[in-house]
Amino acid sequence: MTANPTRVLVLNSGSSSVKYQLLDMADGARLAVGLVERIGEETSRLAHTPLATGGDKREKEAPIADHEAALKAVAQELAADGLGLDSSELAAIGHRVVHGGQKFTAPTVITDEVVAEIERLIPVAPLHNPANITGIRTAQALRPDLPQIAVFDTAFHTTMPESAARYAIDVETADAHRIRRYGFHGTSHAYVSRETAKLLGKDPSEVNVIVLHLGNGASASAVRGGRCVDTSMGLTPLEGLVMGTRSGDIDPAVIFHLARNGGMSVDEIDSLLNKKSGLIGLCGDNDMREIRRRVDEGDERAALAFDVYVHRLKKYIGAYYAVLGKVDAVAFTAGVGENAAPVREAAVAGLEELGLAVDAGLNAVRADEPRLISPEYARVAVAVVPTDEELEIATQAYALVSA
(Lines give C-alpha, C1' and ligand atoms only; values in the text may rest on other atoms or scores of the structure.)
Protein backbone atom coordinates (compact mmCIF):
# COMPACT_ATOMS: atom_id res chain seq x y z
CA MET A 1 0.00 0.00 0.00
CA THR A 2 1.08 3.58 -0.66
CA ALA A 3 2.09 5.17 2.65
CA ASN A 4 0.07 8.32 2.07
CA PRO A 5 -2.51 7.89 -0.69
CA THR A 6 -3.58 11.28 -2.05
CA ARG A 7 -6.12 10.55 -4.76
CA VAL A 8 -9.86 11.13 -4.36
CA LEU A 9 -12.55 9.97 -6.77
CA VAL A 10 -15.54 12.33 -6.74
CA LEU A 11 -18.92 10.88 -7.76
CA ASN A 12 -22.04 12.89 -8.50
CA SER A 13 -24.81 10.36 -9.09
CA GLY A 14 -28.00 11.67 -10.68
CA SER A 15 -31.19 9.82 -11.47
CA SER A 16 -29.88 8.72 -14.89
CA SER A 17 -26.28 9.91 -14.89
CA VAL A 18 -22.96 9.74 -13.08
CA LYS A 19 -20.45 12.58 -13.28
CA TYR A 20 -16.99 11.81 -11.96
CA GLN A 21 -13.54 13.27 -11.47
CA LEU A 22 -10.33 11.74 -10.15
CA LEU A 23 -8.09 14.28 -8.41
CA ASP A 24 -4.69 14.10 -6.76
CA MET A 25 -4.88 16.20 -3.63
CA ALA A 26 -1.10 16.46 -3.38
CA ASP A 27 -1.35 19.27 -5.92
CA GLY A 28 -5.07 19.45 -6.82
CA ALA A 29 -4.40 18.04 -10.29
CA ARG A 30 -7.26 16.46 -12.22
CA LEU A 31 -6.24 13.03 -13.44
CA ALA A 32 -9.47 12.09 -15.22
CA VAL A 33 -12.96 13.47 -15.77
CA GLY A 34 -16.04 11.90 -17.25
CA LEU A 35 -19.77 11.48 -17.54
CA VAL A 36 -22.11 8.54 -17.95
CA GLU A 37 -25.57 9.61 -19.08
CA ARG A 38 -28.87 8.10 -20.16
CA ILE A 39 -28.40 5.20 -17.72
CA GLY A 40 -31.16 2.63 -18.16
CA GLU A 41 -32.11 3.85 -21.62
CA GLU A 42 -31.75 1.98 -24.88
CA THR A 43 -28.51 3.79 -25.70
CA SER A 44 -26.31 5.14 -22.92
CA ARG A 45 -23.25 7.32 -23.39
CA LEU A 46 -19.91 7.36 -21.56
CA ALA A 47 -17.47 10.22 -22.15
CA HIS A 48 -14.06 9.91 -20.48
CA THR A 49 -11.03 12.20 -20.66
CA PRO A 50 -7.69 10.93 -19.23
CA LEU A 51 -6.05 14.22 -18.27
CA ALA A 52 -3.12 12.56 -16.48
CA THR A 53 -1.85 11.00 -19.70
CA GLY A 54 -2.88 13.86 -21.96
CA GLY A 55 -5.00 11.45 -23.95
CA ASP A 56 -7.94 12.36 -26.12
CA LYS A 57 -11.54 12.20 -24.94
CA ARG A 58 -13.05 8.74 -25.41
CA GLU A 59 -16.77 8.32 -26.06
CA LYS A 60 -18.79 5.13 -26.13
CA GLU A 61 -22.47 4.50 -26.79
CA ALA A 62 -23.96 1.24 -25.54
CA PRO A 63 -26.72 0.13 -23.17
CA ILE A 64 -25.81 0.68 -19.49
CA ALA A 65 -28.55 -0.91 -17.41
CA ASP A 66 -28.04 0.70 -13.99
CA HIS A 67 -25.67 2.65 -11.75
CA GLU A 68 -23.72 -0.48 -10.83
CA ALA A 69 -22.99 -1.11 -14.51
CA ALA A 70 -22.17 2.58 -14.96
CA LEU A 71 -19.59 2.62 -12.16
CA LYS A 72 -18.05 -0.62 -13.42
CA ALA A 73 -17.72 1.00 -16.84
CA VAL A 74 -16.08 4.04 -15.21
CA ALA A 75 -13.69 1.73 -13.34
CA GLN A 76 -12.71 0.07 -16.63
CA GLU A 77 -11.97 3.42 -18.26
CA LEU A 78 -9.85 4.52 -15.31
CA ALA A 79 -8.01 1.18 -15.28
CA ALA A 80 -7.20 1.57 -18.98
CA ASP A 81 -5.27 4.71 -18.03
CA GLY A 82 -3.51 3.09 -15.06
CA LEU A 83 -5.86 4.89 -12.65
CA GLY A 84 -8.03 1.95 -11.59
CA LEU A 85 -10.20 1.83 -8.49
CA ASP A 86 -7.93 -0.90 -7.10
CA SER A 87 -5.06 1.60 -6.90
CA SER A 88 -3.33 1.90 -3.51
CA GLU A 89 -3.02 5.63 -4.23
CA LEU A 90 -6.78 6.12 -3.84
CA ALA A 91 -7.48 7.68 -0.42
CA ALA A 92 -11.26 7.99 -0.57
CA ILE A 93 -14.36 8.25 -2.72
CA GLY A 94 -16.26 11.50 -2.21
CA HIS A 95 -19.99 11.52 -2.92
CA ARG A 96 -22.11 14.57 -3.59
CA VAL A 97 -25.31 14.17 -1.55
CA VAL A 98 -27.93 16.83 -2.21
CA HIS A 99 -29.91 16.79 1.05
CA GLY A 100 -28.41 16.27 4.49
CA GLY A 101 -31.14 17.94 6.53
CA GLN A 102 -30.13 19.51 9.84
CA LYS A 103 -28.08 16.55 11.02
CA PHE A 104 -25.19 16.67 8.57
CA THR A 105 -23.27 19.92 8.94
CA ALA A 106 -19.91 18.71 7.63
CA PRO A 107 -18.39 16.01 5.40
CA THR A 108 -19.23 12.63 6.92
CA VAL A 109 -17.78 9.12 6.72
CA ILE A 110 -20.57 6.98 5.28
CA THR A 111 -21.91 4.21 7.51
CA ASP A 112 -25.14 2.21 7.45
CA GLU A 113 -26.62 4.77 9.86
CA VAL A 114 -25.65 7.66 7.57
CA VAL A 115 -27.25 5.95 4.57
CA ALA A 116 -30.39 5.33 6.64
CA GLU A 117 -30.62 9.04 7.50
CA ILE A 118 -30.13 10.02 3.84
CA GLU A 119 -33.00 7.63 3.04
CA ARG A 120 -35.19 9.27 5.69
CA LEU A 121 -34.67 12.58 3.88
CA ILE A 122 -35.97 11.25 0.54
CA PRO A 123 -39.42 12.90 1.03
CA VAL A 124 -37.74 16.34 0.91
CA ALA A 125 -35.35 15.36 -1.93
CA PRO A 126 -37.22 12.73 -3.95
CA LEU A 127 -35.30 13.30 -7.20
CA HIS A 128 -31.79 13.48 -5.78
CA ASN A 129 -31.22 11.46 -2.60
CA PRO A 130 -32.27 8.06 -4.08
CA ALA A 131 -29.74 8.48 -6.90
CA ASN A 132 -27.06 9.57 -4.42
CA ILE A 133 -27.71 6.46 -2.31
CA THR A 134 -27.46 4.23 -5.37
CA GLY A 135 -24.06 5.70 -6.18
CA ILE A 136 -22.89 5.23 -2.60
CA ARG A 137 -23.95 1.58 -2.39
CA THR A 138 -22.43 0.74 -5.75
CA ALA A 139 -19.12 2.35 -4.83
CA GLN A 140 -19.12 0.56 -1.47
CA ALA A 141 -19.55 -2.76 -3.26
CA LEU A 142 -16.63 -1.99 -5.58
CA ARG A 143 -14.27 -0.81 -2.82
CA PRO A 144 -15.63 -1.91 0.58
CA ASP A 145 -12.23 -1.26 2.18
CA LEU A 146 -12.07 2.39 1.16
CA PRO A 147 -13.45 5.38 3.11
CA GLN A 148 -16.59 6.70 1.41
CA ILE A 149 -17.29 10.34 2.29
CA ALA A 150 -20.60 12.18 1.88
CA VAL A 151 -20.37 15.91 1.17
CA PHE A 152 -23.78 17.54 1.48
CA ASP A 153 -25.16 20.40 -0.64
CA THR A 154 -27.05 21.62 2.41
CA ALA A 155 -24.16 21.55 4.92
CA PHE A 156 -22.79 25.04 4.24
CA HIS A 157 -26.21 26.54 4.92
CA THR A 158 -26.71 24.92 8.34
CA THR A 159 -25.11 28.01 9.91
CA MET A 160 -28.20 30.08 9.02
CA PRO A 161 -29.89 31.50 12.13
CA GLU A 162 -33.39 30.25 12.93
CA SER A 163 -34.77 33.62 11.83
CA ALA A 164 -33.60 32.82 8.29
CA ALA A 165 -34.19 29.07 8.31
CA ARG A 166 -37.74 29.04 9.71
CA TYR A 167 -40.90 29.43 7.67
CA ALA A 168 -43.67 31.33 9.45
CA ILE A 169 -45.99 28.34 9.81
CA ASP A 170 -47.14 26.32 12.82
CA VAL A 171 -43.95 25.12 14.55
CA GLU A 172 -45.27 21.67 15.50
CA THR A 173 -46.40 20.97 11.94
CA ALA A 174 -43.13 22.23 10.52
CA ASP A 175 -41.03 20.11 12.87
CA ALA A 176 -43.13 17.00 12.33
CA HIS A 177 -42.53 17.17 8.58
CA ARG A 178 -39.00 18.66 8.61
CA ILE A 179 -40.24 21.82 6.91
CA ARG A 180 -37.60 24.54 7.02
CA ARG A 181 -35.20 26.31 4.67
CA TYR A 182 -32.18 24.10 3.96
CA GLY A 183 -30.59 25.69 0.88
CA PHE A 184 -28.58 23.97 -1.85
CA HIS A 185 -25.47 24.45 -4.04
CA GLY A 186 -23.63 24.62 -0.71
CA THR A 187 -20.31 23.28 -2.00
CA SER A 188 -20.30 25.98 -4.68
CA HIS A 189 -21.21 28.77 -2.27
CA ALA A 190 -18.51 27.62 0.18
CA TYR A 191 -15.84 27.44 -2.51
CA VAL A 192 -16.74 30.71 -4.23
CA SER A 193 -17.03 32.74 -1.02
CA ARG A 194 -13.60 31.51 0.06
CA GLU A 195 -12.04 32.18 -3.37
CA THR A 196 -13.57 35.66 -3.41
CA ALA A 197 -11.88 36.47 -0.11
CA LYS A 198 -8.59 35.20 -1.56
CA LEU A 199 -9.11 37.42 -4.62
CA LEU A 200 -9.47 40.41 -2.27
CA GLY A 201 -6.32 39.39 -0.40
CA LYS A 202 -8.22 38.76 2.83
CA ASP A 203 -9.10 35.90 5.12
CA PRO A 204 -12.69 34.59 4.67
CA SER A 205 -13.42 35.53 8.28
CA GLU A 206 -12.89 39.20 7.34
CA VAL A 207 -15.17 39.30 4.31
CA ASN A 208 -18.92 39.59 3.67
CA VAL A 209 -19.89 38.21 0.26
CA ILE A 210 -23.10 37.85 -1.74
CA VAL A 211 -22.63 34.76 -3.92
CA LEU A 212 -24.79 34.37 -7.02
CA HIS A 213 -24.67 30.80 -8.37
CA LEU A 214 -26.40 31.19 -11.73
CA GLY A 215 -26.80 28.05 -13.80
CA ASN A 216 -29.88 26.22 -15.02
CA GLY A 217 -30.52 25.96 -11.29
CA ALA A 218 -29.75 29.23 -9.51
CA SER A 219 -29.31 30.37 -5.93
CA ALA A 220 -27.98 33.30 -3.93
CA SER A 221 -26.36 33.34 -0.52
CA ALA A 222 -25.34 35.92 2.05
CA VAL A 223 -22.01 34.91 3.61
CA ARG A 224 -20.74 36.77 6.67
CA GLY A 225 -17.17 36.02 7.69
CA GLY A 226 -17.16 32.67 5.92
CA ARG A 227 -20.50 31.51 7.33
CA CYS A 228 -23.80 31.43 5.45
CA VAL A 229 -26.48 33.54 7.11
CA ASP A 230 -29.15 33.32 4.40
CA THR A 231 -29.75 31.61 1.07
CA SER A 232 -32.47 31.74 -1.56
CA MET A 233 -33.39 28.06 -1.96
CA GLY A 234 -35.52 26.56 0.78
CA LEU A 235 -37.09 23.21 1.64
CA THR A 236 -36.36 22.25 -1.98
CA PRO A 237 -34.38 23.84 -4.84
CA LEU A 238 -37.61 25.41 -6.16
CA GLU A 239 -37.57 28.55 -4.00
CA GLY A 240 -35.72 31.75 -4.81
CA LEU A 241 -34.31 33.06 -8.08
CA VAL A 242 -35.85 32.60 -11.52
CA MET A 243 -34.16 29.51 -13.02
CA GLY A 244 -33.99 27.68 -16.32
CA THR A 245 -37.16 25.67 -15.77
CA ARG A 246 -38.12 26.50 -12.15
CA SER A 247 -40.32 29.40 -11.12
CA GLY A 248 -38.45 30.39 -7.98
CA ASP A 249 -40.46 32.48 -5.51
CA ILE A 250 -44.20 32.32 -6.06
CA ASP A 251 -47.32 33.05 -4.00
CA PRO A 252 -48.30 29.67 -2.45
CA ALA A 253 -51.93 30.49 -3.25
CA VAL A 254 -51.12 30.02 -6.95
CA ILE A 255 -50.97 26.28 -6.19
CA PHE A 256 -54.42 26.32 -4.57
CA HIS A 257 -55.80 28.40 -7.43
CA LEU A 258 -54.50 25.98 -10.06
CA ALA A 259 -55.91 23.01 -8.15
CA ARG A 260 -59.34 24.52 -7.47
CA ASN A 261 -59.91 26.53 -10.63
CA GLY A 262 -57.53 24.95 -13.10
CA GLY A 263 -58.38 21.36 -12.23
CA MET A 264 -54.68 20.47 -11.99
CA SER A 265 -53.38 17.64 -9.83
CA VAL A 266 -50.52 18.02 -7.34
CA ASP A 267 -48.19 16.17 -9.72
CA GLU A 268 -49.19 18.43 -12.63
CA ILE A 269 -48.53 21.57 -10.58
CA ASP A 270 -45.22 20.11 -9.38
CA SER A 271 -44.20 19.49 -12.99
CA LEU A 272 -45.35 22.98 -14.03
CA LEU A 273 -43.32 24.80 -11.38
CA ASN A 274 -40.18 22.63 -11.61
CA LYS A 275 -39.98 21.76 -15.31
CA LYS A 276 -42.12 24.19 -17.31
CA SER A 277 -41.58 27.51 -15.56
CA GLY A 278 -38.73 29.97 -15.13
CA LEU A 279 -37.10 31.09 -18.37
CA ILE A 280 -38.52 28.24 -20.42
CA GLY A 281 -42.03 29.04 -19.19
CA LEU A 282 -41.66 32.73 -19.99
CA CYS A 283 -40.15 32.44 -23.47
CA GLY A 284 -39.68 28.80 -24.44
CA ASP A 285 -35.89 28.82 -23.99
CA ASN A 286 -33.77 28.12 -20.92
CA ASP A 287 -30.39 28.80 -22.54
CA MET A 288 -29.32 32.35 -21.69
CA ARG A 289 -27.21 32.58 -24.85
CA GLU A 290 -30.25 31.89 -27.02
CA ILE A 291 -32.39 34.28 -24.98
CA ARG A 292 -29.85 37.09 -25.44
CA ARG A 293 -29.71 36.39 -29.18
CA ARG A 294 -33.47 36.70 -29.34
CA VAL A 295 -33.43 39.88 -27.24
CA ASP A 296 -30.92 41.43 -29.65
CA GLU A 297 -33.28 40.58 -32.52
CA GLY A 298 -36.18 42.37 -30.80
CA ASP A 299 -38.06 39.31 -29.47
CA GLU A 300 -40.48 40.65 -26.84
CA ARG A 301 -41.01 37.35 -24.98
CA ALA A 302 -37.27 36.82 -24.66
CA ALA A 303 -36.89 40.42 -23.43
CA LEU A 304 -39.61 39.82 -20.82
CA ALA A 305 -37.91 36.61 -19.64
CA PHE A 306 -34.57 38.40 -19.31
CA ASP A 307 -36.12 41.32 -17.44
CA VAL A 308 -38.00 39.07 -14.99
CA TYR A 309 -34.79 37.08 -14.39
CA VAL A 310 -32.73 40.20 -13.69
CA HIS A 311 -35.44 41.85 -11.59
CA ARG A 312 -35.51 38.86 -9.21
CA LEU A 313 -31.72 38.75 -9.11
CA LYS A 314 -31.49 42.44 -8.25
CA LYS A 315 -34.08 42.03 -5.47
CA TYR A 316 -31.95 39.35 -3.84
CA ILE A 317 -28.79 41.44 -4.09
CA GLY A 318 -30.60 44.25 -2.29
CA ALA A 319 -32.14 41.92 0.28
CA TYR A 320 -28.84 40.28 1.15
CA TYR A 321 -27.11 43.65 1.29
CA ALA A 322 -29.64 44.52 4.00
CA VAL A 323 -29.09 41.19 5.78
CA LEU A 324 -25.30 41.62 5.84
CA GLY A 325 -25.27 45.36 6.56
CA LYS A 326 -21.81 45.66 5.03
CA VAL A 327 -20.83 43.96 1.76
CA ASP A 328 -17.26 43.56 0.53
CA ALA A 329 -18.04 41.73 -2.70
CA VAL A 330 -20.71 40.33 -4.99
CA ALA A 331 -19.47 37.20 -6.75
CA PHE A 332 -21.02 35.70 -9.90
CA THR A 333 -20.45 32.01 -10.61
CA ALA A 334 -21.70 28.92 -12.51
CA GLY A 335 -22.62 28.72 -16.21
CA VAL A 336 -24.64 31.93 -16.54
CA GLY A 337 -22.81 33.83 -13.82
CA GLU A 338 -19.40 33.11 -15.33
CA ASN A 339 -20.27 33.60 -19.00
CA ALA A 340 -23.23 35.97 -19.43
CA ALA A 341 -21.79 39.49 -19.26
CA PRO A 342 -25.20 41.12 -19.99
CA VAL A 343 -26.70 39.41 -16.92
CA ARG A 344 -23.92 40.70 -14.67
CA GLU A 345 -24.19 44.22 -16.08
CA ALA A 346 -27.99 44.33 -15.77
CA ALA A 347 -28.03 42.87 -12.24
CA VAL A 348 -25.77 45.62 -10.91
CA ALA A 349 -27.15 48.51 -12.99
CA GLY A 350 -28.78 51.18 -10.84
CA LEU A 351 -27.13 50.03 -7.62
CA GLU A 352 -24.41 52.71 -7.63
CA GLU A 353 -25.73 54.20 -4.37
CA LEU A 354 -24.94 50.82 -2.77
CA GLY A 355 -21.36 51.07 -4.01
CA LEU A 356 -21.85 48.60 -6.86
CA ALA A 357 -20.71 49.12 -10.43
CA VAL A 358 -19.36 47.11 -13.35
CA ASP A 359 -16.59 48.20 -15.70
CA ALA A 360 -17.82 47.45 -19.23
CA GLY A 361 -14.37 46.54 -20.52
CA LEU A 362 -13.51 44.20 -17.64
CA ASN A 363 -16.97 42.65 -17.77
CA ALA A 364 -16.56 41.77 -21.43
CA VAL A 365 -13.37 39.78 -20.85
CA ARG A 366 -13.74 35.98 -20.83
CA ALA A 367 -11.30 34.09 -18.62
CA ASP A 368 -11.04 30.90 -16.58
CA GLU A 369 -9.49 32.62 -13.56
CA PRO A 370 -11.22 34.55 -10.75
CA ARG A 371 -11.28 38.23 -11.62
CA LEU A 372 -12.70 41.60 -10.60
CA ILE A 373 -15.01 43.35 -13.05
CA SER A 374 -15.74 46.45 -10.97
CA PRO A 375 -13.96 49.81 -11.45
CA GLU A 376 -11.33 50.81 -8.90
CA TYR A 377 -13.57 53.49 -7.39
CA ALA A 378 -16.39 51.05 -6.49
CA ARG A 379 -16.86 50.56 -2.74
CA VAL A 380 -18.02 46.96 -3.28
CA ALA A 381 -16.01 44.59 -5.44
CA VAL A 382 -17.89 42.74 -8.19
CA ALA A 383 -16.18 39.47 -9.09
CA VAL A 384 -16.49 36.56 -11.47
CA VAL A 385 -15.29 33.42 -9.69
CA PRO A 386 -15.50 30.11 -11.57
CA THR A 387 -16.94 27.48 -9.26
CA ASP A 388 -15.28 24.10 -8.70
CA GLU A 389 -17.66 21.85 -6.79
CA GLU A 390 -15.67 18.69 -7.54
CA LEU A 391 -12.49 20.19 -6.11
CA GLU A 392 -14.44 21.36 -3.06
CA ILE A 393 -15.86 17.87 -2.50
CA ALA A 394 -12.44 16.28 -2.96
CA THR A 395 -10.83 18.81 -0.61
CA GLN A 396 -13.39 18.20 2.13
CA ALA A 397 -13.23 14.42 1.71
CA TYR A 398 -9.44 14.34 1.75
CA ALA A 399 -9.25 16.60 4.80
CA LEU A 400 -11.56 14.24 6.67
CA VAL A 401 -9.68 11.03 5.84
CA SER A 402 -6.35 12.74 6.48
CA ALA A 403 -7.52 13.83 9.91
Side-chain angles (χ1 to χ4, degrees), residues 7-23 30-50 57-81 83-87 90-100 104 107-154 184 187 216-217 237 274 389-390 393-394 396-397:
R7 294 177 180 174
V8 177
L9 176 64
V10 175
L11 296 177
N12 181 352
S13 299
S15 57
S16 61
S17 67
V18 175
K19 296 178 185 176
Y20 63 93
Q21 289 196 18
L22 179 65
L23 300 97
R30 282 173 176 74
L31 305 179
V33 301
L35 167 68
V36 186
E37 57 185 350
R38 302 197 296 267
I39 296 171
E41 297 183 21
E42 187 174 328
T43 303
S44 307
R45 173 177 171 271
L46 189 156
H48 173 86
T49 305
K57 185 181 197 178
R58 303 194 295 265
E59 295 192 30
K60 298 179 180 178
E61 290 197 357
I64 297 177
D66 51 31
H67 283 70
E68 181 178 0
L71 282 183
K72 286 180 177 178
V74 170
Q76 289 176 356
E77 293 297 324
L78 291 170
D81 303 314
L83 304 168
L85 292 190
D86 58 350
S87 171
L90 198 58
I93 297 178
H95 297 267
R96 179 199 181 208
V97 179
V98 167
H99 215 309
F104 298 114
T108 303
V109 176
I110 296 171
T111 63
D112 290 344
E113 291 75 20
V114 170
V115 173
E117 181 63 21
I118 296 171
E119 285 182 324
R120 281 194 286 272
L121 288 162
I122 286 175
V124 289
L127 298 178
H128 299 93
N129 276 26
N132 300 155
I133 292 168
T134 300
I136 289 168
R137 286 178 169 153
T138 303
Q140 286 177 323
L142 290 173
R143 279 298 303 266
D145 60 312
L146 200 66
Q148 310 269 338
I149 310 298
V151 178
F152 298 91
D153 268 16
T154 49
F184 300 90
T187 51
N216 193 51
N274 277 291
E389 294 175 271
E390 288 77 17
I393 291 169
Q396 292 190 27

Here the pair of heavy atoms bringing G100 nearest to T154 is N-OG1, 2.9 Å
CD (Q140) and CG (D112) are apart, to the nearest 0.5 Å, by 7.0 Å
*asked:* I'd like to check H67 versus I39 (side-chain heavy atoms, cut-off strictly below 4.5 Å). Are they in contact?
replied: yes
S87 meets the side chain to side chain contact (heavy atoms under 4.5 Å, CB included) criterion, sequence neighbours left out, with R7, E89
Between S13 and G135 the two heavy atoms that sit nearest each other are OG-CA, 3.4 Å
| Any side-chain heavy-atom pair from T187 and R96 closer than 4.5 angstrom? | no
Rounding to 0.5 Å, atoms CG (L83) and CD (E77) come to a distance of 11.5 Å
Note: P144 and A141 closest approach over all heavy atoms is CD-O, 3.6 Å
dist D153:CG -> I393:CD1 (nearest 0.5 Å) comes out at 7.5 Å
Applied to residues 127-138, the side-chain hydrogen bond (donor to acceptor under 3.5 Å, both in side chains) test, sequence neighbours excluded, yields E119-R137
Q: For the residue pair H48 and D81, establish whether any side-chain heavy-atom pair is separated by less than 4.5 Å.
A: yes
When every non-hydrogen atom of L78 is compared with those of A32, the smallest separation belongs to CD2-CB, 3.7 Å
Interatomic distance, CD@E389 vs CG@N12, rounded to 0.5 Å, equals 8.0 Å
The complete set of side-chain hydrogen bond (donor to acceptor under 3.5 Å, both in side chains) pairs with one or both residues in residues 32-44, sequence neighbours excluded, reads E37-R45
The salt bridge (Lys or Arg N to Asp or Glu O under 4.0 Å) partners of E68 (sequence neighbours excluded) come to K72
>> Do V109 and I149 have side chains that approach each other closer than 4.5 Å (heavy atoms only, starting at C-beta)?
In response: yes
Between T111 and the options V115, V114, T108, the side chain to side chain contact (heavy atoms under 4.5 Å, CB included) test singles out V114
### Task
Report the C-alpha distance between V97 and I110 in whole Å, list the side-chain angles of each, state the deciding distance to 0.1 Å, and finish with yes or no for side chain to side chain contact (heavy atoms under 4.5 Å, CB included).
CA-CA 11 Å; V97 179; I110 296 171; 5.7 Å; no
Taken in chain and number order and not counting sequence neighbours, the residues that satisfy ring-ring contact (aromatic ring centres under 6.0 Å, His included) with H99 are Y182, F184
Quick check: do L90 and L22 have side-chain heavy atoms less than 4.5 Å from each other? yes
Between V74 and L46 the two heavy atoms that sit nearest each other are N-CD1, 4.2 Å
Nearest heavy-atom approach of I93 to A139 is CD1-CB, 4.1 Å
For Q21, the side chain to side chain contact (heavy atoms under 4.5 Å, CB included) test, sequence neighbours excluded, returns L23, R30, V33, E390
| request: State, with a plain yes or no, whether a side-chain heavy atom of I136 is found less than 4.5 Å away from one of I118. | output: yes
Value for NZ (K60) from CD (Q76), rounded to nearest 0.5 Å, stands at 7.0 Å
